[in-house]
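Any value given below was found using the heavy atoms of this structure, including those in side chains, with hydrogens, waters and symmetry copies removed.
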Amino acid sequence: MAKFYVTTPIYYVNDVPHIGHSYTTTTADALARWHRLVGDEVMFLTGTDEHGLKVQRSAEENGLTPQQQADNTSKRFSQTWTALSIEPDQFIRTTEPRHHEAVGKLLSKIKENGYIEKGSYAGNYCVGCEAYYTDADLVEGNCPIHERPVEWLEEDNYFFKLSAFEDRLREWINSGAIRPAGKASEALGIVELGLDDVSITRTSIDWGVQVPWDEDHVFYVWYDALINYVTAIGYGQDSPEFADWWANSHHLIGKDILRFHCVYWPAMLMAAGLEPPKHVDVHGFLLLGGKKLSKSGLTQIHPEDLIGEFGIDGFRYHFLRDVSFGPDSDFSYEQMVERYNTDLANTLGNLLSRVITVVGKKCNGVAPGSQADSPLAELAEKTVNIAAEAWNSTAPSVALDATWHLIRETNAYLGESEPWKMEEGSAEVSAVLGTALEVLRLAAILASPALVNTAPQIWQAIGLEGSPTDNVLDLDYKWGQYQGGAQLTAIEPLFPRIKPQA
RNA sequence: GGCGACGUAGCUCAGUUGGUAAGAGUGCUCGACUCAUAAUCGAGAGGUCGUGGGUUCAAGUCCCACCGUCGCUACCA
């Protein structure tokens with residue numbers, strides 16, 4: 001049994017969940033479900049990033065402690081994931097004691113290995129960004145992001161010797177760990193420009209993980225946050241499973257944090273004597289009318305607003321099917337409606353309805369089993385192969401597209417065969433309907449990572465026990481496993497068509 | 001300025017290492033059907049593959065230039 005460890009970024013608790021977070025997390029959840037479906041042992045991790053000056057300050061503004069501030073927002077994330085049927089195996093919080101312990105151990109290890117040294121840093125500091133800026137970065141003396149004045153800060157810092165890892169990073173990047181390839185070349189570009197050592201601690205704040213060898217310092221929030229990925233699987237706890245999970249690690253990230261995940265993080269791991277991640281899968285931004293959805297932007301769309309209209313599965317299906325993993329993608333309400341009506345209502349939902357009705361009229365309601373020979377057998381077997389390959393390369397849209405191609409072909413097959421015109425109880429009518437039912441059975445399985453709630457409903461509507469995920473999917477799928485014999489009864493439309501709001 | 005990405009039917013996008021007469025879905029037009037969620041099926045219209053050069057027997061697919069959009073440019077979640 002193979003292991004599969006998939007992570008999302010941990011989300012900063014100053015930000016409430018929006019569809020950008022949901023996209024990444026839904027994709028990770030679907031990947032986790034696919035791997036479970038094919039029999040892998042899966043660990044799916046998400047969580048929240050809770051340290052840093054911004055949390056400290058907004059807590060003060062709200063009259064809360066930083067921990068209370070973090071608790072409140074962290075809860076909103078976990079509630080949102082529950083609302084979307086996202087089921088992580090772990091929800092990690094960087095304020096957990098086990099994380100502080102892991103951070104201390106990993107960075108101490110790096111220090112022992114000679115890659116952390118003391119230095120000092122002074123510069124223009126923007127509180128909003130929690131970052132230093134050079135004079136050239138400033139716009140009229142203000143932070144270029146927040147357009148507010150910066151503060152001059154000078155502090156003793158510990159520095160990570162990032163510069164020592166240029167060659168090894170180049171080698172790792174060239175090994176194909178970063179996908180898609182275009183993002184790997186972006187990471188390579190960063191390395192090729194030359195890497196300076198980076199400051200990884202702060203003395204100016206105390207809301208963070210304390211540096212074990214110098215209690216005046218806390219780690220800069222990024223260097224604490226990244227370590228969550230190894231905390232969760234037992235780094236520093238002598239966990240016998242740590243090495244196995246880590247050897248199969250897959251980070252899903254947005255392109256905005258590529259530098260940290262594709263350069264700094266692997267270098268930190270190397271410095272600590274660990275392997276870099278097996279894969280980093282980088283996706284683009286969701287755009288709204290061609291503009292970037294940013295947390296400081298006004299265009300915040302919350303998942304809760306959409307699931308009321310599209311349902312959990314409608315929401316998940318849209319993001320998994322319509323967004324090609326990698327490039328930027330335009331989000332629009334109209335497209336979401338169109339996708340829902342076309343694929344879910346017209347193609348899949350309607351196929352289920354018409355098949356059940358014809359079984360009722362021509363087979364006395366008793367479902368015929370699928371037969372060995374069917375014009376759709378070859379396509380169905382090919383579809384499983386395409387889907388498997390697509391999920392393996394983190395391309396949910398390709399997997400679902402292939403699955404829906406099969407469903408569309410089944411609608412066309414019914415149109416040609418016209419079973420409703422055939423003689424009741426005849427061999428022909430059984431053959432045609434048996435084919436359609438086998439496709440529905442298979443489609444329920446293949447769509448289950450996206451349609452987590454409706455796939456089991458399809459399964460039961462065609463008279464099967466349990467749910468499509470009860471058994472491991474054999475990737476060497478052979479046509480003709482639908483048994484038949486069940487009494488089918490009409491159901492309410494699975495995906496009622498949506499009339500777009502004006 | 002430097003580096004990089006992208007620009008394929010109205011829309012959203014596929015197009016492996018260059019090679020059968022450019023694809024899919026959707027939308028549109030026409031027709032069919034009426035088992036079905038005003039659904040379904042068929043046919044059709046629709047593209048100088050950003051522009052201009054070049055390499056090649058052959059380029060959407062490689063090279064150069066240009067135009068347009070966007071990202072990164074050293075600690076920007």
Side-chain angles (χ1 to χ4, degrees), chain A residues 9-15 20-21 49 52 54 121 123 126 128-134 136-137 143-146 157 159-160 162-163 180 182-183 185-200 220-223 225-226 253-261 263-264 284-285 287 290 292 294-295 321-324 326-330 332 334-335 338-339 341-362 397-398 401 404-405 408 411-422 433 436 490 492-498:
Chain A
I10 49 174
Y11 304 111
Y12 200 60
V13 292
N14 244 35
D15 199 4
H21 301 115
D49 179 8
K54 246 189 296 186
Y121 194 92
C126 171
C129 300
E130 280 181 34
Y132 283 100
Y133 286 98
T134 63
D137 292 329
C143 164
I145 308 290
H146 292 81
N157 277 190
F159 281 76
F160 170 52
L162 180 65
S163 56
K183 296 296 192 289
S185 59
E186 210 169 294
L188 196 59
I190 293 171
V191 176
E192 294 302 343
L193 285 171
L195 300 173
D196 283 345
D197 298 340
V198 292
S199 154
I200 59 168
Y220 175 57
V221 60
W222 258 109
Y223 301 97
L226 287 163
I253 64 165
K255 67 180 187 181
D256 52 328
I257 52 177
L258 182 145
R259 171 184 296 275
F260 284 94
H261 285 78
V263 180
Y264 298 174
F285 291 138
L287 309 175
K292 180 172 149 186
S294 74
K295 62 177 209 162
R321 167 61 187 87
D322 257 342
V323 179
S324 181
D328 289 354
S329 176
D330 231 322
S332 82
E334 290 74 15
Q335 195 186 349
E338 186 176 290
R339 179 61 69 190
N341 282 340
T342 299
D343 284 8
L344 298 182
N346 297 352
T347 302
L348 176 58
N350 184 49
L351 175 66
L352 178 65
S353 296
R354 65 197 304 211
V355 166
I356 290 175
T357 303
V358 182
V359 167
K361 291 188 175 177
K362 296 293 178 179
S397 65
V398 175
D401 183 43
W404 259 259
H405 176 66
R408 279 195 302 274
N411 272 319
Y413 170 65
L414 288 184
E416 289 164 20
S417 311
E418 303 185 305
W420 45 88
K421 287 185 178 172
M422 291 173 173
L433 294 173
E492 289 297 304
L494 213 50
F495 302 100
R497 283 179 61 86
I498 289 173

*nucleotides 3-12 of chain B: protein proximity per nucleotide (B base, S sugar-phosphate only, - neither; heavy atom, under 4.0 Å)*: ---------S
*Just by protein heavy atoms under 4.0 Å, how would nucleotides 31-38 of chain B read 5' to 3' in B, S and -?*
--SSBBB-
Using the [atom1] atom in both, what is the distance from [N] to [M], to the nearest Å?
{"N": "U51(B)", "M": "C6(B)", "atom1": "C1'", "answer": "16 Å"}
{"N": "C28(B)", "M": "A45(B)", "atom1": "C1'", "answer": "9 Å"}
{"N": "C72(B)", "M": "C66(B)", "atom1": "C1'", "answer": "23 Å"}

*Which heavy atom of Asn411(A) sits nearest a heavy atom of Thr347(A), and at what distance?*
ND2-O, 3.1 Å
*Closest to the Ala412(A) side chain: C41(B), C75(B), A74(B)?*
C41(B)
Between atom [atom1] in [X] and atom [atom2] in [N], what is the gap in whole Å?
{"X": "Asp256(A)", "N": "C75(B)", "atom1": "CG", "atom2": "P", "result": "16 Å"}
{"X": "His261(A)", "N": "C72(B)", "atom1": "NE2", "atom2": "P", "result": "17 Å"}
{"X": "Arg321(A)", "N": "A14(B)", "atom1": "CZ", "atom2": "P", "result": "10 Å"}
{"X": "Lys183(A)", "N": "G71(B)", "atom1": "NZ", "atom2": "C1'", "result": "9 Å"}

In Å, rounded to the nearest 0.5 Å, how long is the span from [atom1] of [X] to [atom2] of [Y]?
{"X": "Ile253(A)", "Y": "Lys183(A)", "atom1": "CD1", "atom2": "NZ", "answer": "9.5 Å"}
{"X": "Thr357(A)", "Y": "Leu352(A)", "atom1": "OG1", "atom2": "CG", "answer": "9.0 Å"}
{"X": "Leu162(A)", "Y": "Ile200(A)", "atom1": "CG", "atom2": "CD1", "answer": "10.5 Å"}
{"X": "Asn341(A)", "Y": "Asn350(A)", "atom1": "CG", "atom2": "CG", "answer": "12.0 Å"}

*asked:* Return whichever of Leu195(A) or Tyr413(A) has its heavy-atom-nearest nucleotide of RNA chain B closer to the 5' end.
replied: Tyr413(A)
*Residue met sooner reading RNA chain B from 5', once Val13(A) and Ser324(A) are mapped to nucleotides*: Ser324(A)
Complement of [N], any strand, by Watson-Crick or G-U distances under 3.5 angstrom:
{"N": "A36(B)", "result": "none"}
{"N": "G18(B)", "result": "none"}
{"N": "C66(B)", "result": "G50(B)"}
{"N": "U29(B)", "result": "A43(B)"}
{"N": "U61(B)", "result": "none"}
{"N": "C3(B)", "result": "G71(B)"}
{"N": "A24(B)", "result": "U12(B)"}

*asked:* Could you check whether any side-chain heavy atom of Arg339(A) comes within less than 4.5 Å of a side-chain heavy atom of Leu344(A), counting everything from C-beta outward?
replied: no
*Across the strands shown, which category fits Gly194(A) at heavy-atom distances under 4.0 angstrom: base, sugar-phosphate, nothing?*
base
_By the 4.0 Å heavy-atom rule, please label Trp404(A) as base, sugar-phosphate, or nothing._
nothing
*Would Phe285(A) and Lys255(A) satisfy side-chain contact (heavy atoms from CB on, under 4.5 Å), going step by step from the backbone distance to the final call?*
CA-CA 7 Å; Phe285(A) 291 138; Lys255(A) 67 180 187 181; 3.4 Å; yes
*Do any pairs count as a salt bridge (Lys or Arg N to Asp or Glu O under 4.0 Å) and have a residue in residues 347-358 of chain A, sequence neighbours left out, and if so which ones?*
none
*How are the rings of Phe260(A) and Tyr264(A) set to each other: parallel, tilted or perpendicular (split at 30° and 60°)?*
perpendicular
*asked:* Students often mix this up, so state it plainly: with edges at 30° and 60°, are the rings of Tyr11(A) and His21(A) parallel, tilted or perpendicular?
replied: perpendicular
